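Read through the structure below, which is laid out as structure tokens, and then see the notes.
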Number of protein chains: 2
Amino acid sequence: MLTIAEGKFRNYLKQKGLKFTPERQLVLEEVFSLHKHFEVEDIFIRIRKKGNHISRATIYRTFPLLVESGLIKEAVHCQGGVRFEHIYGHEHHDHLVCLKCGKIIEFKEDRIEELQDAICKRYDFTPVEHKLGIRGYCKRCR
Amino acid sequence: MLTIAEGKFRNYLKQKGLKFTPERQLVLEEVFSLHKHFEVEDIFIRIRKKGNHISRATIYRTFPLLVESGLIKEAVHCQGGVRFEHIYGHEHHDHLVCLKCGKIIEFKEDRIEELQDAICKRYDFTPVEHKLGIRGYCKRCR
DNA sequence: TTGCAATTGAGATTTAGTTGCAAAAAGGAG
DNA sequence: CTCCTTTTTGCAACTAAATCTCAATTGCAA
Ligand SMILES: [Mn+2]
Ligand SMILES: [Mn+2]
Ligand SMILES: [Zn+2]
Ligand SMILES: [Zn+2]
């Protein structure tokens with residue numbers, strides 16, 4: 001999984017004339033060692049905890065490259081920072097976000113996706129990505 | 001329209017033990033004189049241009065009250081600030097956002113809304129609000 | 001190995017939004 | 001109307017996320 005993601009990242013970088021540096025590798029590895037939503041600060045802290053050195057600026061500069069290369073994307077705008085998630089190795093899905101406990105439930109509904117396509121056709125609009133977030137209260141917080 | 005919105009706002013404030021001040025009235029009027037998406041800074045500038053005095057802090061403090069009272073809501077997180085829109089006097093809708101020119105197309109699709117309800121039932125989730133934003137390229141920018 | 005463009009880290013800067021506080025004012029009680 | 005309490009205001013100081021600047025470093029292709 002990581003190796004394939006790394007291959008994609010290397011290709012992307014090369015094709016853009018950019019370099020695969022040790023710092024970018026650290027970020028990539030950390031991002032793909034997680035299996036949930038994450039934000040810049042999470043990755044920063046985890047890399048530092050492992051004794052590796054990296055600056056926040058580098059992570060902030062690396063994330064857009066990971067997005068551009070199709071490996072991760074913005075998932076939800078929670079209170080505070082932007083949260084990211086993997087694309088590579090994960091099917092597209094949308095989110096239910098609990099306003100009380102912050103729990104995030106992922107769901108997939110093909111019929112919604114189809115209707116979205118139909119709407120884009122109706123407005124002669126070429127979709128690149130979409131985000132559907134439903135906020136409310138989960139079973140336990142209601 | 002404004003008068004009814006003002007009534008709702010006054011009720012909300014009273015019920016919370018808050019006051020209907022001239023500044024809050026200015027914000028309310030300005031917000032409802034617009035008929036498109038807006039952000040805090042827009043309202044600030046428009047009020048100032050008319051020669052009225054108000055501070056940004058007051059507007060930042062008033063917006064959550066307008067949201068809480070059900071008159072406006074966050075529409076989209078564009079590059080930069082949060083954009084708001086009216087709820088009062090407008091039907092619920094979602095957005096297509098052009099990544100090139102920033103144009104926003106509003107759409108309404110009841111079948112998507114129904115499917116969302118079904119999903120919430122499936123996960124025993126009580127929805128409060130949702131936001132569906134499709135980003136891509138409009139007819140002219142493609 | 002060399003040269004150059006890309007990258008890095010550190011700290012400064014920007015930007016959106018929040019907060020503390022003293023002075024002002026709303027609005028209910030009397 | 002006047003008084004009194006509570007809320008509100010403006011300003012400036014502050015915060016936090018993200019971006020930028022720049023000198024020193026490094027990747028990598030020739
Ligand atoms: Mn997810
Ligand atoms: Mn809208
Ligand atoms: Zn919950
Ligand atoms: Zn466009």
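Numbered from 1 within each chain, the chains take letters A, B, ... in sequence-line order. Predicted model, so just to flag it, every value in this text is computed and none were measured.
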* Distance under 6.0 Å and angle within 45° of the ring axis: does B:Arg142 meet both against B:Tyr137? -> no
Numerically ordered, the residues 9-25 of chain A set in heavy-atom contact under 4.0 Å with DNA chain D is A:Lys19, A:Phe20, A:Pro22
Side-chain ion pair, [X] and [Y], N-O less than 4.0 Å:
{"X": "B:Arg83", "Y": "B:Glu74", "value": "no"}
{"X": "B:Lys50", "Y": "B:Glu30", "value": "yes"}
{"X": "A:Arg56", "Y": "A:Glu41", "value": "yes"}

Practice item. Return no unless some side-chain N or O of B:Tyr60 is found under 4.0 Å from OP1 or OP2 of C:dT18. Key: no
Checklist entry - Does B:His53 have a side-chain nitrogen or oxygen under 4.0 Å from the phosphate oxygens OP1 or OP2 of C:dA24? => result no
Whichever of A:Val40 and B:Ala57 has the more 5' nearest nucleotide on DNA chain D, that residue is B:Ala57
Requested in this report: Using the six-membered ring wherever Trp is involved, compare the ring planes of B:His93 and B:His37 and label them parallel, tilted or perpendicular (cut-offs 30° and 60°).
Outcome: parallel
Interatomic distance where [atom1] belongs to [X] and [atom2] belongs to [N] [whole Å]:
{"X": "A:Ile43", "N": "D:dA17", "atom1": "CD1", "atom2": "P", "answer": "16 Å"}
{"X": "A:Phe63", "N": "D:dA17", "atom1": "CZ", "atom2": "C1'", "answer": "14 Å"}
{"X": "B:Leu65", "N": "D:dT9", "atom1": "CG", "atom2": "C1'", "answer": "13 Å"}
{"X": "A:Leu26", "N": "C:dT7", "atom1": "CG", "atom2": "P", "answer": "16 Å"}
{"X": "B:Arg56", "N": "D:dC14", "atom1": "CZ", "atom2": "P", "answer": "19 Å"}
{"X": "B:Glu39", "N": "C:dG17", "atom1": "CD", "atom2": "P", "answer": "8 Å"}

To the nearest 0.5 Å, atom CD1 of B:Ile105 lies from atom SG of B:Cys138 at 6.5 Å
Check this for me: does the side-chain of B:Arg61 come within 3.5 Å of the base of D:dG10 through a donor and an acceptor?
yes
Between B:His130 and A:His95, is the gap from one ring center to the other below 6.0 Å? no
Ranking D:dC11, D:dA18, C:dG17 by distance to the side chain of A:Val82, first place goes to D:dA18
Between its two end axes (five pairs each) the helix from C:dT1-D:dA30 to C:dG30-D:dC1 turns, nearest 10 degrees, through 30°
